[in-house]
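Here, residue 1 is the first one in the sequence, and each next residue gets the next number.
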Amino acid sequence: MPSEPLTPRPLTESEVDQVCALDEIAFVSDPYSPELNALVRETFELDRMIGSFDGAQMVACACIFSFEMAVPGGRVPMAGVSWVSVLPTHRRRGLLTGLMRRQLHGLHESGGEAVAGLTASEPPIYGRFGYGQATSGVAMTVPRHKAALRLPRGTDEVSVRMVANDESFDDRLEIYNRHVDTRPGMLVRSATWARGLAADLPESRPGSSVLRVVLAERGTKPIGYATYRTKPERLGKGTVIVQEIIADDPAGYGALLHYLFDIDLTATISIDRTVPTDSPLLHLLMNPRAAEPRLYDALYLRLVDVDRALAARTYAAPIDTVIEVVDDFCPWNAGRWRLTGDEKGAGCERTSAGADLVLGVRELGTAYLGGVTLRALANAGLVREQRGGAVAEASKAFASDVAPWLPFGF
Ligand SMILES: CC(C)(COP(=O)(O)OP(=O)(O)OC[C@H]1O[C@@H](n2cnc3c(N)ncnc32)[C@H](O)[C@@H]1OP(=O)(O)O)[C@@H](O)C(=O)NCCC(=O)NCCS
């Protein structure tokens, strides 16, 4: 048993197979099929993968994916942290901490992404490293007999056509990617990632149908799509498991909902991957209570370099505020920063002026996309106001008028 945490290092090509093997053990998952293995290997960026070794054995690993994320006013590069695993024999002795330090300090030193993000297997893990929960999503289980909808005007002008999964791939990718800038938190989807999400491997559908795809069309123009599976139970009691609904406008969204919520011989519609917390669905259901909406944490964000990250988004109202940041894990962020900005742009500089607000870097990650207000965090005692009115001013400026959302994990 090593007495010191084992220092992580970059992986070589020949070590990548060990990542999947370690992941299977760490996540207590079924063995990866060769097809799944090949799909995930396509997404790996070898020069962004690290591992810790005990002799020849890989005992911890993590990787970064290079993503582009929508933020208020534009997009920022985001380091997508994933494949974080520590062998059960080597836990609770600092290996994860070593991986996190290597990633975040590495990004800072190399001038890499100013923002890192991840989805967590368990919410308590990453706060200590400065990651704050920036997006939530809503899952629902709607009994079909209580699934009546108020359909938006124009729904009947949109047709819904069933298409083959591979045949509609390009249309879906285009529709998804033109949606990215409408919501903070959405990630640009590359063809590689889209292929992985569209892959219909047997292990991703235990007991349910192949992935079904419908396109919403106005005339011949695709304006939205939905993907779903059906799960047969007793005849007439099947479930529609909805994966994605994306549409350019309310009528397209309404047409897709109308289709999904009224498929004969099904009794339940399950919104499996979540919809945004301000999804139109919540407003179109006649009986939202019957859908039993459940809130899930999704994207956790970490500001790697507070100044670059805060200057990379815009603000809904003018802001000129000195923020004192507490950050023990990435000490270059600690101290006072003057943030100035508005709807057009922003700047963030070191300052010796007195602080208006004091908060941890984790809270900045939580508030970064504008879905959780600084007011809410202040009410929880997580943001301290040093100048009267500073919370109100900053809260308004940071807020987004659409709820941030991460439609898929990574
Ligand atoms: C989660 C995991 C990576 C932690 O690795 P580890 O090397 O044991 O973590 P560390 O020893 O560096 O722990 C650092 C701190 O996090 C805490 N911690 C670790 N895992 C935790 C968990 N699951 N829940 C809450 N706290 C946790 C430790 O107690 C420790 O706290 P301390 O500094 O106050 O003592 C590891 O348990 C694992 O591989 N789990 C299964 C796969 C998984 O969930 N990966 C995360 C994917 S998002």
Closest contact, heavy atoms only, Leu118 versus Val81: CB-O, 3.5 Å

Val86 backbone acceptor or donor facing Arg91 side chain under 3.5 Å: yes

Short side-chain to backbone donor-acceptor contact, Arg212 and Ala164, under 3.5 Å: no

Trace of the side-chain contact (heavy atoms from CB on, under 4.5 Å) decision for Leu87 with Leu22: CA-CA 7 Å; Leu87 199 67; Leu22 174 53; 3.5 Å; yes

Intermediate values then yes/no, side chain to side chain donor-acceptor pair (under 3.5 Å), Tyr253 and Ser279: CA-CA 10 Å; Tyr253 199 87; Ser279 166; 3.3 Å; yes

Interatomic spacing from CD1 in Ile50 to CD1 in Ile64 - rounded to 0.5 Å: 7.0 Å

Side-chain heavy-atom pair Ile241, Lys231 within 4.5 angstrom cut-off: yes

Evaluation steps, side-chain contact (heavy atoms from CB on, under 4.5 Å), between Thr230 and Ser208: CA-CA 6 Å; Thr230 49; Ser208 47; over 6 Å; no

Arg161 vs Leu215, side-chain contact (heavy atoms from CB on, under 4.5 Å): CA-CA, chis, key distance, verdict: CA-CA 5 Å; Arg161 182 165 65 97; Leu215 282 184; 4.1 Å; yes

Asp278/Arg183 salt bridge by N-O under 4.0 Å criterion: yes

Asp264/Arg144 salt bridge by N-O under 4.0 Å criterion: yes

Salt bridge (Lys or Arg N to Asp or Glu O under 4.0 Å) partner of Arg189, chosen from Glu244, Glu174, Glu68: Glu244

From CA spacing to verdict: side chain to side chain donor-acceptor pair (under 3.5 Å), Asp262, Tyr259: CA-CA 6 Å; Asp262 199 18; Tyr259 169 77; over 6 Å; no

Nearest heavy atoms of Pro232 and Gly207, plus distance in Å: CD-O, 3.6 Å

Flag, side chain of Glu324 to backbone of Gly335, donor-acceptor distance under 3.5 Å: no

Aromatic ring proximity, centroids under 6.0 angstrom, Phe129 and Phe329: yes

CG-CZ distance between Leu377 and Arg362, expressed to the nearest 0.5 angstrom: 10.0 Å

Row check, Phe53 ring normal vs Arg9 NZ/CZ: under 6.0 Å, within 45°: yes

Polar side-chain atom of Asp342 near backbone of Lys344 as donor-acceptor pair, under 3.5 Å: yes

Contact summary for Ile263 and Thr266, nearest pair of heavy atoms: O-OG1, 2.6 Å

Exceeds 12 heavy-atom contacts within 6.0 angstrom, atom NE2 of His258: no

Ala376 backbone acceptor or donor facing Thr373 side chain under 3.5 Å: yes

Side chain Glu45, main chain Ser66, donor-acceptor under 3.5 Å: yes

Test: Arg195 and Asp166 ion pair at under 4.0 Å: no

Non-hydrogen atoms of Phe44 and Val19 that approach each other most closely: CZ-CG1, 4.2 Å

Side-chain ion pair, Asp17 and Arg41, N-O less than 4.0 Å: yes

Interatomic spacing from CD in Glu233 to OG1 in Thr239 - rounded to 0.5 Å: 4.5 Å

Face-on cation placement of Arg375 at Phe398 ring, 6.0 Å and 45° thresholds: no

For Leu149 against Leu281, the heavy-atom pair lying closest together: CD2-CD1, 4.4 Å

Asn177 vs Arg172, side chain to side chain donor-acceptor pair (under 3.5 Å): CA-CA, chis, key distance, verdict: CA-CA 8 Å; Asn177 277 334; Arg172 273 146 57 208; over 6 Å; no

Heavy-atom donor-acceptor pair, Thr155 side chain to Leu151 backbone, under 3.5 Å: no

Side-chain touch Thr268/Val142, heavy atoms, less than 4.5 angstrom: no

Within-4.5 Å side-chain heavy-atom neighbours: Met162 and Val213: no

Polar side-chain atom of Thr277 near backbone of Ala403 as donor-acceptor pair, under 3.5 Å: no

Taking every non-hydrogen atom, the tightest pair across Asn333 and Val306: OD1-N, 2.9 Å

Minimum side-chain heavy-atom gap Ile323-Leu359 below 4.5 Å: yes

Pair Val304-Val115, side-chain contact (heavy atoms from CB on, under 4.5 Å): steps then yes or no: CA-CA 5 Å; Val304 179; Val115 180; 5.7 Å; no

Side-chain ion pair, Asp248 and Arg218, N-O less than 4.0 Å: no

Val138 side chain near Trp405 side chain, heavy-atom distance below 4.5 Å: no

Distance (rounded to the nearest 0.5 Å) between Asp328 CG and Arg128 CZ: 12.5 Å

Heavy-atom check, side chain of Tyr126 versus side chain of Arg302, under 4.5 Å: no

Gap separating the OH atom of Tyr225 from the OH atom of Tyr176, nearest 0.5 angstrom: 7.5 Å

Inter-residue atom distance Glu393.CD - Asp320.CG, 0.5 Å rounding: 7.0 Å

Parallel, tilted or perpendicular: ring planes of Phe408 versus Trp193, cut at 30 and 60 degrees: tilted

Validation row: Leu39, Leu201 side chains within 4.5 angstrom (heavy atoms): yes

Stepwise side chain to side chain donor-acceptor pair (under 3.5 Å) test for Gln133 and Ser136: CA-CA 8 Å; Gln133 187 191 326; Ser136 300; 3.0 Å; yes

Identified salt bridge (Lys or Arg N to Asp or Glu O under 4.0 Å) partner of Glu113 from the options Arg308, Arg48, Arg75: Arg48

Ring centres under 6.0 angstrom apart (Phe410, Phe67): yes

Donor-acceptor pair, side chain of Asp249 and main chain of Gly252, under 3.5 angstrom: yes

Aromatic ring pairing Trp332/His108, orientation class (parallel under 30°, perpendicular over 60°, tilted between): parallel

Between Glu15 and Thr12: side-chain donor-acceptor atoms closer than 3.5 Å: yes

Other residues, nucleotides, ligands: >12 heavy atoms within 6.0 Å of Glu292 CD: no

Under 3.5 Å donor-acceptor, Tyr368 side chain and Ala309 backbone: yes

Leu369 side chain reached by Thr135 side chain, heavy atoms, under 4.5 Å: yes

